[in-house]
Amino acid sequence: MTQPVALTINGRRREDHVEPRLLLVHYLREVAGLTGTHIACDTSQCGACTVLIDGEAVKSCSVFAVQAAGREVTTIEGLAADGILHPVQQAFWNEHGLQCGFCTPGFIMAAAYLLKQNPSPTDDEIVRGLEGNLCRCTGYENIKKAVRSASEAMSGKADGVSGELVGSAAVPVEG
Amino acid sequence: MITAAFEYARPGSVDEAQSLLTKYGADAKLIAGGQSLIPLMRLRLSQPTALIDIQGIPGLKEVRRDDGFVEIGALVRHVDIQRNATLRETLPLLVEMANDVGDSQVRNLGTIGGVIAHGDAAGDYNSLALMLDAEIVTNKRRHQARDFFRDIFTTALEHDEVVTAVRFPVSTGRFAYTKFRRRLYDWAIAGVAVQESGSSWRVGYVNLARTPRRGAAVERALAGGASAADAAAQSGSDIDPTGDVRATAEYKRHLAEVLTARTLQQATMAA
């Protein structure tokens, strides 16, 4: 038995008929076709499926799509604006904040949320802010570096490599 | 895993939620943030036939100071507790607990009413409600916390009862909370909370029995002038832990005593 769900994803409104038991992550991937949100642990621990609902980070494997009705969902696909990577995306690129990359969309969404709440986090605050995300490759050091670098870029204090975040060297995105 | 199928309804008021609970019957459940319920449903340990989603009900998200009490609406989330200025002033131990619930994503969805209604002995707020003699306000009555937590995941709530708020006595004395766990986002393997209240101390135990527990024997020892270490030695009679995959019962008893002494010392040094 399905029921209608109307919500906004990355600024676009859509309406679908879904079973109430459809998880938001499955809705995003299989109905909306946005496969940038990953499924990893499937037990609400790893954070790979992190998206924003009304600007707040949540694990989309632990929310039913029907619960998100009327809300605004942002996925990794919605982070870049006007063809320019979001500073957090660019910083993960610059600082090599990933190895296999599977956990990266979730980390980037969690980090973007963290920096919105706390634009200049200390190292400890970065660790605490990303406590809900697991990475099995990097040992986290480059992820922390990426968040620090994004923080500097976003506050306009960027220098060196991170300076590429704003300006002509920023990488355009397709679509 | 995919959950069992269920019907889904979104009432606009507490009265409507109550009549939906009656309509859908014994296997219907309320859902707020869903951060405990959905993982259980995904393991099929819980298979409600209907979910009644109360997140849109107005009036359940306020924090109000009311004479000697602070009343917290059932839909107030962990993240709201972390950021609430009134709570920092009136119930700082709750804020301290909220900071350590799950992870950031969980704290953005999970609610205090959900923790209370779920009745988990590992739910940090439940032990706080018990040790501070809080009241649980529902659409039907006010429960005293000491009569509310009956058994493992079992509360005094009737099927068509909706938790609307939790009322804590304003508690501004010295306090500390130790949540012993292996990873930041875990439940407590063992948790100990202490709160100074007038000239006496309140002690609460998290995940050290089938229900939240109050450290009554430890409190009595402290009132009798015992040192933190001597009072902590009484903790064994306040708890009844069982062994699990993370720790044996014996180890949890050891933790309770060590953490009680340590948490009391931390609270008294923090002054």
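Numbered from 1 within each chain, the chains take letters A, B, ... in sequence-line order.
In this structure a side-chain-to-backbone donor-acceptor pair under 3.5 Å is present from B:Arg42 to A:Cys61. In this structure, the side chain of B:Gln105 does not engage the main chain of A:Thr50 through any donor-acceptor pair within 3.5 Å.
Proximity to chain B is absent for every atom of A:Leu52, based on heavy atoms less than 4.5 angstrom apart. In this structure, the portion of B:Met41 lying under 4.5 Å from any heavy atom of chain A is its side chain and not its backbone. If you measure heavy-atom distances from A:Ile53 to chain B, you find no contacts under 4.5 Å at all. Heavy atoms of B:Ala32 lying under 4.5 Å from chain A belong exclusively to its backbone. Only the side chain of B:Ile2 comes within contact range of chain A, judged by heavy atoms closer than 4.5 Å. Within the 4.5 angstrom heavy-atom criterion, only side-chain atoms of B:Leu51, from C-beta onward, approach chain A. Residue contact with chain B, scored on non-hydrogen atoms closer than 4.5 Å, involves the backbone and the side chain of A:Glu131 alike. There is no contact between B:Leu43 and chain A, counting heavy-atom distances below 4.5 Å. Contacts of B:Asp186 with chain A are absent, with no heavy-atom separation under 4.5 Å from either backbone or side chain.
Considering CZ of A:Arg21 and CD1 of B:Ile38, their distance stands at 14.0 Å, rounded to 0.5 Å. From B:Leu109, atom CG reaches atom CD of A:Gln67 across 7.5 Å, with rounding to the nearest 0.5 Å. Of the inter-residue distances, the one linking B:Gln82 atom CD with A:Gln117 atom CD reads 10.0 Å to the nearest 0.5 angstrom. Put simply, NZ on A:Lys59 and CG on B:Asp103 are 3.5 Å apart, with the number rounded to the nearest 0.5 Å.
In this structure, A:Arg14 places its CZ atom where more than 12 heavy-atom neighbours from other residues, nucleotides or ligands lie under 6.0 Å away. At most 12 heavy atoms of other shown residues, nucleotides or ligands fall within 6.0 angstrom of atom NZ in B:Lys29. Shown here is B:Arg44, whose CZ atom has more than 12 heavy atoms of other residues, nucleotides or ligands within 6.0 Å.
The residue among A:Leu130, A:Leu23, A:Val127 with the most heavy atom pairs within less than 4.5 Å of chain B is A:Leu23. Of the listed residues (A:Thr43, A:Val58, A:Val63), the greatest number of heavy-atom pairs within a distance under 4.5 Å of chain B belongs to A:Val58. For the set B:Met1, B:Glu7, B:Gln35, B:Arg10, the entry with the most heavy-atom pairs within less than 4.5 Å of chain A is B:Arg10.
In plain terms, the two heavy atoms of B:Ser104 and A:Gly129 that are nearest each other are CB-O, 4.1 Å. For A:Pro20 against B:Tyr8, the heavy-atom pair with the smallest separation is CB-CB, 3.7 Å. Considering every non-hydrogen atom in both B:Asn108 and A:Tyr113, the closest pair reads OD1-OH, 3.0 Å.
In this structure the side chain of B:Tyr185 reaches within 4.5 angstrom of the side chain of A:Leu134, judged on heavy atoms.
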- Under the side-chain contact (heavy atoms from CB on, under 4.5 Å) criterion, do A:Arg128 and B:Asp100 qualify, and how do the steps go? CA-CA 10 Å; A:Arg128 291 301 305 255; B:Asp100 278 345; 2.9 Å; yes
